Amino acid sequence: MSVAKPFSEAQRMLRICAICNYCNGFCPVFEVNVHHPPTAATLAHLAHLCHGCRNCFYACQYAPPHVFAVNLPRALAELRHQVYLDRVWPPAGRWLLDYPFAALLLALTSGWLLVLLAILVGTAFDLGAPMQTGFYRVLPWGLMSLIGALPLAWSGLALAIQWGRHWRSIRPPQARGLMRAWWRTLPAILSLSHLSGGGVGCNDRDAGFSQARRRLHQALFAGLAFCLAATLTAALYHHALGLSAPYPVLSLPVFFGTAGGVLVCAATLGFSWLGLTGDPEPRAPRASHLDLAFAALLLIVAASGLALLLGRASAWMPGLLAIHLSSVWALFALLPYSKFLHAGYRALALLQESLTEHETRGD
Amino acid sequence: MRRQCTDIDVLVIGGGAAALAAAIEARRIGCSVLLAERAPCHLRGGNTRHARNLRLAHLAPTPFSPGAYPPATFWSELQRATQNTADPLLGQRLVEGSLAIADWLQGAGVPLQPIAGHRLPESQRTVFLLGGGKTLVQRLYAHAKHLGIEIRYETEVTDPLLTGGRLLEVCCRKAEYKQLRPRAVIACCGGAQANRAWLARHWGEAADGFINRGSPWVTGEFLAALLEQGAQAVGDPRGAYLVAVDGRSPADDGGIVTRIRGIPEGIVVDQEGRRREDEGGDTASTRYALWGRRLADWPRQIGYLLLDARGLRAAPPALYPPISAATLGELAIQLGIDPEALRLTLDAYHAAIRPPRAPGDDWQALGLLPPKTRRAYPLVEPPFHAYPLRPGITFTAQGLAVGPDTRVRLANGGVVENLFAAGMIMAPNLIPQGYLSGLALTIGLVFGRIAGSEAARYVRC
Ligand SMILES: Cc1cc2nc3c(=O)[nH]c(=O)nc-3n(C[C@H](O)[C@H](O)[C@H](O)COP(=O)(O)OP(=O)(O)OC[C@H]3O[C@@H](n4cnc5c(N)ncnc54)[C@H](O)[C@@H]3O)c2cc1C
Ligand code: SF4
Ligand code: SF4
């Protein structure tokens, strides 16, 4: 009965919370819970409306070893994982979600083989000849783009299917004003306003309040945005300005890339530190593994990118390039089977709230 | 370690709101403080762990409560609720002291819940703790530790020795340090609600039917020992704040969720299948306490709330699923009630029901004893459901008489110069009978602070 268990446990605890409701100042989960009996669909929604701040664990008079054993953050983390599994596409993706470190290894290895193959093909047919400089000497631009574009296209499709399935199960019956709701939700998503836990901060490691997880999220956000900017400006330099990589230290792509890489490294190390040193009690082990594996993957991508920046003029360059590219391949390919999923689930949860809140206020 | 523990200025006995406030206050003034909590660390905090809001006077709107609640209003409400039995000097200190509590709590790192989220009942009289009493407990322990207060868990303080108007010595039930001679002692160890023998002494067999809503460690032996040694008692030894809870609740520590809130939606019968009270009579939050008190006098201290399918839909959610059956007869058998007796009760009830005649009228059942004056719907839609009800005890109402500085009084006049008391152990000075919601925490915090600074002043002089 491993499928139903996360649902029944969360249901049992939320029933207690609906009567107690002491935690309703921490997050919207409690208010929604009071007004809706926790059916399977509401549970799936509530699971993602919870952002795992753990405030309600340390505040709970019924936390284990009390006989009622209420540990809502853990139950909802279990449930989030279950929802990922239930909505995954194609079904084989369950395996990747349940064994995230094996998935990581598999993706990195396959990426590595693929990059080697691409380099061999490029060299054999001398595709790099027209641009004899820098990275493209090792791997021609076209093949390099393909290594990024193919997994990204696949992942885009898989994510759309999974998030779409979830939205169909949680959306309010008459969802009108969807665009306006997105517009209202966007600031909350971007500022991570809920991560301030009713104004006092989260319980990131223990019973003390902290802003660490929120700051780390923001650093990761900014880091990924910088990395994207680095890629876009590099494409611009290459196609519009006719300049070939590697670019000088004082160029935009290098600046963005360095800033992004450093931020992502710092954020992922920070997340892992919280995950490894914090109180394990309010965490669900299988969900934590997914978190850690994703942090590790991001860290590998960012660190190898930084190493490539540093060593781009040295003899190590081809090797570093191959490592970086294979990690990028792994990241793109694993997006729909990694913790990255939560970004969409969470946005949809906030969107749903924004729609329903708006409707009730209209009455 | 031994030296550290025996050479202390102030020993605080207890681990709830009163104890923490007292310890923090004494420590801030510069005393060395040992706080001895009987419970293990993960269940520390006594009944404070289960509380939610506290009653605070304030002169202008705050982020935590709208409008104003002047001390004079607070005092007059307290007088009314206790039928003028509250000690006026202590009452004065309570309502005025409460003005500063919101700031004090926030200064110590305890978050209050802003009213802005619209998730709280509109209340000028009380403020809500963000996350409830457990958060207060967590934050104050962290603050106490930060200030350098020595905290000992699983440490029961016993055997007080009162001589010549002084508390000479107490015993600490922990192997490493037995006899303690602190310069001053503050007793904050609560009432006696978890003490079966105490309850049986005053309630007889009925005590077996009580469920303790709060901490199993608040048993009042230290209070009893002080009374035996000549401290003056105050309040009613048989007094208790009782609330109707689900009869299947755990014997201790069930907290707030075991309350049965759906009484107005059905009828309540005793083990013999008879109605005894008007289920629609009271709507204020005081109704829980009224029913708790009533059940205490019923046979075997048990009652059954009976609902039909409509009643169950209308009732607020409850902790346990109800006991259900297709017919009322089958339900009666499951409950061990004579089906014939229950049928007679229901026939009489149904015959007396008068549907509303004009808009705004309610369903009523008036021509019977007792009547049901509101929401008197017939019980006709199957299936039928029952919740067993028992009295749930929250606190007892006998304590230590104290002066306005919280010094413990002696029965033969005078005070114990180095013994102070705060919280439920002295609350019966203020509420020998009756109660107002949010009062217990306020008493704990206000008098905890007073006791802490008085004890420190005594030690420093
Ligand atoms: C379910 C529930 C809900 C409540 N809700 C509210 C509310 O919303 N607002 C409100 O104001 N009040 C509420 N109350 C009442 C309130 O919580 C308590 O009355 C109040 O917190 C008591 O504080 P205290 O510090 O005096 O005692 P307690 O918090 O009960 O602390 C007594 C402490 O003394 C310790 N102790 C006992 N004996 C010894 C000993 N010999 N040696 C060492 N330690 C000892 C105990 O372990 C315990 O930690 C509620 C109570 C319950 C049960
Ligand atoms: S987590 Fe615990 S304290 Fe918070 S609402 Fe639920 S039962 Fe109450
Ligand atoms: S962990 Fe935080 S977000 Fe999740 S339910 Fe508890 S308080 Fe809400």
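The chains referred to below are lettered A, B, ... by the order of the sequence lines, with proteins before strands, and numbering in each begins at 1. Nothing here was measured: the structure is a model prediction, and the numbers come from that model.
Here Tyr22(A) and Phe128(B) keep their ring centres 6.0 angstrom or further from each other.
To the nearest 0.5 Å, the span separating CG on Asp103(B) from NE2 on His58(B) amounts to 12.5 Å.
Cation-pi check for Arg44(B) over Trp217(B) is not met; the charged atom does not lie both under 6.0 angstrom from the ring centroid and within 45 degrees of its normal.
Defined by atom type and a distance below 3.5 Å, a donor-acceptor pair is missing between the side-chain atoms of Ser437(B) and Arg125(B). With no hydrogens or angles considered, no side-chain donor-acceptor pair links Thr442(B) and Arg55(B) at under 3.5 Å.
Heavy atoms closer than 4.5 Å to chain A are found nowhere in Pro316(B), neither backbone nor side chain. Contact annotation for Tyr62(A): only side-chain heavy atoms (C-beta onward) come within less than 4.5 Å of a heavy atom of chain B. Neither the backbone nor the side chain of Ala116(B) comes within less than 4.5 Å of any heavy atom in chain A. For Cys60(A), the part sitting under 4.5 Å from any heavy atom of chain B is the backbone (N, CA, C, O) and nothing else. Using a 4.5 Å cut-off between heavy atoms, Tyr58(A) contacts chain B through both its backbone and its side chain. Looking at His42(B), only its side chain comes within 4.5 Å of chain A, counting heavy atoms on both sides. For a residue to count as touching a neighbouring chain, one of its non-hydrogen atoms must lie under 4.5 Å from one of that chain's; by this rule Cys20(A) touches chain B with backbone and side chain alike. Residue Arg261(B) touches chain A through its side chain alone, counting heavy-atom pairs closer than 4.5 Å.
The greatest number of non-hydrogen atom pairs below 4.5 Å with chain B, out of Ala207(A), Pro64(A), Cys23(A), Ala63(A), is found for Ala207(A). Across Gly109(B), Ala142(B), Ala51(B), the residue that shares the most heavy-atom pairs under 4.5 angstrom with chain A is Ala51(B). Comparing Asp253(B), Leu43(B), Thr135(B) by heavy-atom pairs within less than 4.5 Å of chain A, the highest count is held by Asp253(B).
In this structure, Arg310(B) pairs ionically with Glu265(B), as a charged nitrogen and a carboxylate oxygen lie closer than 4.0 Å.
Each of Val83(A), Ile170(A), Leu49(A) was scored for a side-chain contact (heavy atoms from CB on, under 4.5 Å) with Tyr345(A), with one residue passing: Val83(A).
Ring geometry, His48(A) versus Tyr84(A): the interplanar angle falls from 30° to 60°, so the pair is classed tilted.
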